[in-house]
Amino acid sequence: MERLRQDDPSQVGPYVVLARLDADSAERTVPERRYLGRTADGERTVLVCVPRVGADPSRWAVEAEGARRLSVPGFLGIAEVGGTAGFPYYGAPYTPALPLPAVLAAYGGPLPEDTVRRLGAALAQALAAAHAQGVTHAGLSPAAVLVTPGGPLLTCVGAVRAAAPDGVPRAGLPGLDPGCLAVEEASGGRPGPLGDVFALGAVLAYASTGHTVPEQSELPPGLRRLVGSCLSSDPAVRPQSAREVLRELVSPAGGAGGEEHPQAGEAYPQAGTVLDHTAVPLPGRVVAALAAQSAALLAAELPAPQQPFASPQKVH
């Protein structure tokens, strides 16, 4: 939860803006402006998002509406898309949440390998569910991962498509993390599931090292092969599905030791709820940061309504 700046809106749709979700240091790679807001009557608190300054609001709004219509476990549930053609927004019910860069900042550095595996398994499971519906996320990055007490949520759906239409090179565009952009997407190709696999590898790398383009030696030994293959510039070398990444994260030995793989058409075992307090407790400093955000938002007061200007009365 960050203080508002002078260039931030004071109101988005029916919501009074209270704070920014993202730190200034992360702004370059966040594809949208994200705020915590509340209705004027104080009844509802939301995460409300608007396009970046300079972005095409119409393309952004198309992707926001597409995301609203999705029903994918592990994706942020968008409740509404509104605004005007020049200033669209979307809103989602508030739950304490930290973008992955803020999680690493709260923890004090890269996360433990076991936490990275469980985080990655939850993300891979969500992507696999989306791909099964014919949906490509096309915007996965550390900023797109919101860590909540009940598990991670994927946001920024369609950010790659919103940044530029197919056929237009996207490398270097504001709001896109270059380390998360597969070479075929950077050159203007249509985003696809294997682009999501590349981006998932970059997110695993970030959670493990603090950056999306690490040296192999920086990665935990148990993740080097998987992350390296996800980040291959050749799509054919990457894992060929998010489900395959999920299997590797849940069973790091890749089925050694007598584990049976599912037959064609069968599902892999569920990875379980990830990063919740019953499966793998969040590091204490991250829990404290989530609690601090919730408390600060609860204590935040709505700006006092401005009184209409009244002309001084003449005294007779």
Side-chain angles (χ1 to χ4, degrees), residues 2 4-15 17-37 46-70 75-92 97 99-102 135-146 153-182 184-192 195-196 198-199 202-203 212:
E2 306 288 333
L4 294 175
R5 304 182 311 202
Q6 287 187 340
D7 60 342
D8 289 321
S10 60
Q11 183 150 347
V12 175
Y15 305 110
V17 175
L18 301 175
R20 289 186 297 118
L21 181 67
D22 298 287
D24 287 342
S25 58
E27 184 178 16
R28 183 180 61 85
T29 54
V30 181
E32 54 199 15
R33 291 181 289 163
R34 306 190 287 195
Y35 301 101
L36 302 175
V46 298
L47 170 66
V48 60
C49 304
V50 301
R52 288 177 61 97
V53 174
D56 184 326
S58 60
R59 278 205 306 271
W60 186 91
V62 167
E63 295 297 338
E65 176 60 23
R68 184 190 67 80
R69 296 179 181 182
L70 295 177
F75 278 44
L76 177 70
I78 295 176
E80 60 180 311
V81 176
T84 64
F87 191 70
Y89 73 87
Y90 72 77
L100 187 55
V135 174
T136 299
H137 183 282
L140 179 56
S141 69
V145 178
L146 296 186
L153 294 174
L154 282 172
T155 68
C156 304
V157 177
V160 171
R161 292 185 294 263
D166 294 345
V168 176
R170 302 181 178 99
L173 291 181
L176 298 182
D177 189 324
C180 298
L181 205 55
E184 64 271 19
E185 295 176 351
S187 62
R190 184 176 184 178
D196 283 351
F198 181 98
V203 168
T212 55

Where is the tightest heavy-atom contact between Gly139 and Ala159, given as atom of each residue plus distance?
CA-CB, 4.0 Å

Testing the 3.5 Å rule here: is there a donor-acceptor pair between the side chains of Tyr89 and Glu80?
yes

Within-4.5 Å side-chain heavy-atom neighbours: Glu32 and Trp60:
yes

Separation of Leu18 CG from Ser10 OG (nearest 0.5 Å)
11.0 Å

Side-chain donor-acceptor pairs under 3.5 Å in residues 48-55, sequence neighbours left out?
from	atom 1	to	atom 2	distance (Å)
Arg52	NH1	Glu27	O	2.7
Arg52	NH1	Val30	O	2.8

Rounding to 0.5 Å, atoms CZ (Arg34) and OG1 (Thr155) come to a distance of 4.5 Å

Measure across Pro14 and Gln11 and return the closest heavy-atom pair with its distance rounded to 0.1 Å.
C-NE2, 3.9 Å

Minimal heavy-atom distance between Ala97 and Leu146, with the atoms involved, is CB-CB, 4.2 Å

Can you list everything that forms a side-chain hydrogen bond (donor to acceptor under 3.5 Å, both in side chains) with Ser58? Sequence neighbours excluded, please.
Asp56

Rounded to the nearest 0.5 Å, how far does CG of Leu70 lie from CD1 of Ile78?
8.0 Å

Do you know which two heavy atoms are closest between Arg33 and Pro9, and how far apart they sit?
NH1-CD, 4.1 Å

So His137 and Phe75, would you call those rings parallel, tilted or perpendicular, with 30° and 60° as cut-offs?
perpendicular

Within a radius of less than 6.0 Å around CZ of Arg5, do more than 12 heavy atoms belonging to other residues, nucleotides or ligands occur?
yes

Tell me, do Phe198 and Leu140 make a side-chain contact under 4.5 Å, heavy atoms counted?
no

Donor-acceptor contacts under 3.5 Å from residues 160-181 side chains, at least two apart:
from	atom 1	to	atom 2	distance (Å)
Arg161	NE	Glu63	OE1	3.3
Arg161	NE	Glu63	OE2	3.0
Arg161	NH2	Glu63	OE1	3.1
Asp166	OD1	Arg170	NH2	2.7
Arg170	NE	Val160	O	3.1
Arg170	NE	Ala164	O	3.2
Arg170	NH1	Glu185	O	3.1
Arg170	NH1	Gly189	O	2.8
Arg170	NH2	Ala164	O	3.3
Asp177	OD1	Gly179	N	3.0

Rounded to the nearest 0.5 Å, the CZ atom of Arg28 sits from the CG atom of Asp22 at a distance of 13.5 Å

Within-4.5 Å side-chain heavy-atom neighbours: Pro142 and Thr29:
no

For Arg20 and Asp8, the nearest pair of non-hydrogen atoms, with its separation, is CD-OD2, 3.0 Å

Rounded to the nearest 0.5 Å, what separation is found between the CG atom of Leu154 and the CG atom of Leu76?
9.5 Å

